[in-house]
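Only this structure's heavy atoms are used, side chains among them; waters, hydrogens and symmetry mates stay out. Naming convention: chains lettered A, B, ... in sequence-line order (proteins, then strands); numbering from 1 in each chain. Here the structure is a predicted model, which is why all the values come from computation and not from measurement.
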2 protein chains.
Amino acid sequence: MQNYGDYFRALREAKNMTLREVEKQADVSNAYLSQLESGKVKQPSPLTLHKLSEIYGVSYDLLMEKVGYPVTERKEKVKSESGKISIAYRVGDISDDEELELLNYLKFIRNRKK
Amino acid sequence: MQNYGDYFRALREAKNMTLREVEKQADVSNAYLSQLESGKVKQPSPLTLHKLSEIYGVSYDLLMEKVGYPVTERKEKVKSESGKISIAYRVGDISDDEELELLNYLKFIRNRKK
DNA sequence: TATATTTGCTTGCAATATTTAGCAAACCGA
DNA sequence: TCGGTTTGCTAAATATTGCAAGCAAATATA
């Protein structure tokens with residue numbers, strides 16, 4: 001994924017969190033988070049990814065792979081799909097683009113009732 | 001491990017390789033390898049570790065852990081019960097209603113084009 | 001309306017990963 | 001002995017991560 005900034009933004013918004021909320025929980029500056037989401041960061045450190053993975057509830061491996069780090073080779077298929085495994089199980093593989101749209105739609109769902 | 005420089009040097013010497021041989025195979029400068037082995041580098045990048053792990057025949061995970069990166073949790077249990085779609089793994093718990101909407105939206109996405 | 005707070009963002013800045021260039025000592029064949 | 005090569009190393013330069021500070025627009029509150 002070349003521009004994973006949108007992906008991180010979608011994750012945060014799906015949780016309805018502000019940059020400063022994530023800043024507090026992850027101990028990562030909102031400034032840096034902003035740059036990350038706007039595509040100005042190439043490869044955030046594994047430590048940063050680990051913190052974000054816990055807050056957003058996604059797997060650390062998935063984020064590592066997303067930003068282009070080598071990933072431990074074990075069950076290549078299952079690993080790369082670890083986050084989408086259940087949906088894939090029912091409706092087939094989900095592309096990165098589709099995944100992003102789904103996350104954005106989830107955010108929409110959660111906000112429309114307010 | 002605070003001084004893993006010695007560890008990297010031991011790995012290389014165990015294989016009877018020179019800095020420049022490793023440089024060629026890993027595409028990492030001999031200068032940097034020298035600094036790495038003398039403890040002047042704090043955290044070599046995952047990509048560099050991956051290359052070295054292949055040349056030295058040790059596991060990528062081991063090197064990642066050695067230099068202090070967060071390690072991937074493996075004992076995580078798969079939360080998706082049979083038939084139950086679980087994006088929860090990614091974005092936290094989602095309700096049955098949300099799940100249904102996401103699936104419908106996915107279908108919409110896939111039929112939308114052309 | 002006016003003031004205060006929130007929110008996303010940009011701008012320098014420090015730290016550090018990694019490279020290029022090159023040095024000095026050891027090694028090696030003629 | 002001697003010119004060439006190998007080997008490990010250092011210094012300077014470049015690139016990127018991540019932060020502190022602060023700004024502008026939106027939003028909340030009086």
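One atom, OH of Tyr32(A), and another, C1' of dA20(D), lie 16 Å apart when rounded to the nearest Å. Whole-Å rounding puts the Tyr69(B) OH to dT17(D) P distance at 12 Å.
Other residues, nucleotides and ligands contribute more than 12 heavy atoms inside 6.0 Å of the CD atom of Glu21(A).
Comparing Met17(B) and Gln35(B), the nucleotide of DNA chain D nearest to each residue sits closer to the 5' end for Met17(B). The residue among Leu33(B) and Arg12(A) whose nearest nucleotide of DNA chain C lies closer to the 5′ end is Arg12(A).
To the nearest 0.5 Å, the span separating NZ on Lys66(A) from CZ on Phe8(A) amounts to 9.0 Å. Here the straight-line distance linking atom CG of Leu62(A) with atom CE of Met64(A) works out to 11.5 Å at 0.5 Å rounding.
Nearest heavy-atom pair across Pro70(A) and Tyr60(B) is O-OH, 2.8 Å. For the pair Tyr56(A) and Glu37(A), the tightest heavy-atom approach, listed with the atom from each and the gap, is OH-OE2, 4.4 Å.
For the pair Arg9(B) and dT7(D), the criterion of a side-chain N or O lying under 4.0 Å from OP1 or OP2 is not met.
Interface limits on DNA chain C: the 5'-most and 3'-most nucleotides within less than 4.0 Å of chain A heavy atoms are dT7(C) to dT11(C).
In this view, Gln35(A) satisfies the side chain to side chain donor-acceptor pair (under 3.5 Å) rule with no residue, not counting sequence neighbours.
Of the candidates dA21(D), dT17(D), dG8(D), dT17(D) carries the atom nearest the Gln43(A) side chain, counting heavy atoms from C-beta on.
In this structure, the side chains of Tyr7(B) and Leu63(B) come closer than 4.5 Å at one or more pairs of heavy atoms. Taking the side chain as every heavy atom from C-beta outward, Leu52(B) and Leu11(B) never approach each other to under 4.5 Å.
Scanning residues 18-30 of chain B for heavy-atom distances under 4.0 Å to DNA chain D yields Thr18(B), Leu19(B), Arg20(B), Asn30(B).
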